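Written below as structure tokens is the structure these notes are about.
The chain is numbered in sequence order, starting from 1. From a predicted model like this one, the values you see are computed outputs, not experimental measurements.
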Amino acid sequence: MSGIFWRTCLAAATLVVSPLAQAETLNLLVADIARNGIAQLIPGFEKLYQHQVVIQSAPAPLLLQRLEAGERADIIILDAVSLDRLEAQKKLRSLETAELGRAGLGVAVKAGGTLPAIFTEDEFKTSLNASRTIAYAESETESAAQFHVALSRLKLASQTATKLRPLARPDMVERALASGEIDMAVGWASEFVNRPGIVLAGFLPHSLQKWLVVRAARISDGEPARAFIDHIADDDNLKLFTRSGFR
């Protein structure tokens with residue numbers, strides 16, 4: 001009986017430790033617009049699958065340049081237009097993709113303040129006129145360009161010229177907003193969610209928007225990459241991701 005007992009214990013111990021013994025590192029290249037949303041999903045994935053996740057994030061244009069230069073990862077999370085461009089250039093061969101959501105431009109203000117009305121073009125125009133300073137991130141070239149398109153459409157380009165505060169990176173915009181140095185910020189809505197000291201007031205009106213479909217592309221054929229795609233494609237996890245400033 002004693003021999004049977006110890007063999008049973010050894011088998012049980014092997015079953016418990018085997019996931020840890022097989023743990024691997026999963027490398028992700030993530031566009032900044034999806035960074036906050038993906039960060040919400042990592043703890044659950046690591047706990048469930050026992051794989052460590054390493055994330056590198058950068059503005060989408062810079063990430064595209066790095067991928068065109070030959071950089072690789074197990075999973076790449078980027079807008080669909082950029083992924084299609086890489087596929088067309090034969091710079092990337094996706095084994096599997098998962099659509100995560102649509103990124104859009106939003107307005108943020110300092111936490112605790114009055115939220116500006118921005119639902120319609122007229123409301124957004126009134127809120128812009130009422131703000132003393134308005135910041136945006138120059139590194140996010142697509143959102144910055146679309147913001148200037150919106151100002152032109154609203155015939156506010158000249159009126160807001162002295163109010164605009166172009167800053168180099170989204171984190172600089174967030175800090176300036178949280179400290180009260182600026183009144184309002186415009187950029188990808190996902191950059192403003194779950195950030196200390198600031199709050200997302202809402203999305204720009206549809207007529208002024210630039211929507212980007214964001215996808216995850218599996219490049220590696222390894223088990224961790226396959227498991228990650230399954231994890232983020234789960235309905236509950238997709239809902240968690242979209243709550244980070246996506247639609």
- Message: Once you measure the plane-to-plane angle for His51 and Tyr49, does it fall in the parallel (<30°), tilted (30-60°) or perpendicular (>60°) bin?
- Response: parallel
Are [X] and [Y] packed together at the side-chain level, in the sense that at least one heavy-atom pair is separated by less than 4.5 angstrom?
X	Y	result
Arg226	Leu95	no
Leu67	Ile76	yes
Asn129	Gln159	yes
Ile77	Ile38	yes
Ile75	Asn27	no
Asp171	Arg195	no
Gln52	Glu24	no
Leu41	Leu240	yes

If we ignore hydrogens and angles and just use 3.5 Å, is the side chain of [X] paired with the main-chain N or O of [Y] as donor and acceptor?
X	Y	answer
Asp183	Arg132	yes
Ser94	Glu96	no
Ser82	Leu64	no
Ser127	Ile118	no
Glu46	Pro43	no

Please name the pair of heavy atoms, one in [X] and one in [Y], separated by the smallest distance, quoted to 0.1 Å.
X	Y	answer
Leu238	Glu99	CD2-O, 3.9 Å
Ser190	Asn36	O-ND2, 2.8 Å
Val30	Ile55	CG2-CG2, 3.8 Å
Ala34	Val214	CB-CG1, 4.1 Å
Met172	Leu167	O-CD1, 3.7 Å
Ser131	Lys163	O-NZ, 2.9 Å

- Message: Membership question, hydrophobic clusters at under 4.5 Å side-chain separation (ILVMFWY): are Ile33 and Leu100 in the same one?
- Response: yes
- Task: Consider only side-chain heavy atoms of I, L, V, M, F, W and Y, link residues closer than 4.5 Å, and tell whether Val81 and Leu86 are in one cluster.
- Result: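 No, because Val81 and Leu86 fall into different hydrophobic clusters, even though each may have its own neighbours under 4.5 Å.
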- side chain to side chain contact (heavy atoms under 4.5 Å, CB included) between Ile219 and Leu92: does it pass, once the steps are laid out? CA-CA 8 Å; Ile219 310 304; Leu92 188 68; 3.3 Å; yes
Just verifying a value: how many Å separate [X] [atom1] and [Y] [atom2], rounded to the nearest 0.5 Å?
X	Y	atom1	atom2	answer
Phe45	Leu26	CZ	CG	5.5 Å
Leu212	Glu142	CG	CD	5.0 Å
Leu204	Glu121	CG	CD	9.5 Å
Asp32	Leu63	CG	CG	8.5 Å
Arg165	Met184	CZ	CE	13.5 Å

Atom pairs and distances, donor-acceptor, side-chain atoms in residues 105-116, under 3.5 Å, two or more places apart:
| residue | atom | partner | partner atom | Å |
| --- | --- | --- | --- | --- |
| Lys110 | NZ | Ala178 | O | 2.5 |

- Query: Mind checking what makes ring-ring contact (aromatic ring centres under 6.0 Å, His included) contact with Phe246, not counting sequence neighbours?
  - Reply: Phe241
- Trace of the salt bridge (Lys or Arg N to Asp or Glu O under 4.0 Å) decision for Asp122 with Lys125: CA-CA 5 Å; Asp122 285 342; Lys125 187 173 184 176; over 6 Å; no
- Message: As a quick check of understanding, evaluate salt bridge (Lys or Arg N to Asp or Glu O under 4.0 Å) for Glu68 and Arg85, giving each step before the final call.
- Response: CA-CA 9 Å; Glu68 287 177 328; Arg85 173 174 160 177; 2.9 Å; yes
- Query: Are the ring centres of His148 and Tyr136 closer than 6.0 Å?
  - Reply: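 Yes, the ring of His148 comes within the 6.0 Å limit of the ring of Tyr136, centre to centre.
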- Message: Determine whether Ser143 and Lys210 satisfy the following criterion, side chain to side chain contact (heavy atoms under 4.5 Å, CB included), listing intermediate values before the conclusion.
- Response: CA-CA 8 Å; Ser143 64; Lys210 182 178 182 66; over 6 Å; no
- Task: Please step through salt bridge (Lys or Arg N to Asp or Glu O under 4.0 Å) for the pair Arg169 and Glu140, ending with a clear verdict.
- Result: CA-CA 8 Å; Arg169 303 185 309 275; Glu140 293 292 353; over 6 Å; no
- Item | Intermediate values then yes/no, side chain to side chain contact (heavy atoms under 4.5 Å, CB included), Leu154 and Leu208 | CA-CA 9 Å; Leu154 297 173; Leu208 304 176; 4.0 Å; yes
- In a check of ring pair (Phe, Tyr, Trp, His ring centres under 6.0 Å) between Phe203 and each of Phe119, Trp211, Phe124, Trp188, which one passes?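 For Phe203, the ring pair (Phe, Tyr, Trp, His ring centres under 6.0 Å) check succeeds only for Trp211.
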- Message: For Ile134 and Ile182: C-alpha separation, side-chain torsions, deciding distance, then whether side chain to side chain contact (heavy atoms under 4.5 Å, CB included) applies.
- Response: CA-CA 6 Å; Ile134 308 161; Ile182 57 173; over 6 Å; no
- Query: Going by atom types only, do Arg243 and Gln40 share a side-chain donor-acceptor pair under 3.5 Å?
  - Reply: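 Side chains of Arg243 and Gln40: no pair found under 3.5 Å.
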- Is the shortest distance from a Lys or Arg side-chain nitrogen in Asp79 or Arg215 to a carboxylate oxygen in the other one below 4.0 Å?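 The answer is no: the pair does not qualify as a salt bridge.
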- May I ask you to say whether Glu181 pairs ionically with Arg175, meaning some side-chain N is under 4.0 Å from a carboxylate O?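 No, Glu181 and Arg175 are not salt-bridged.
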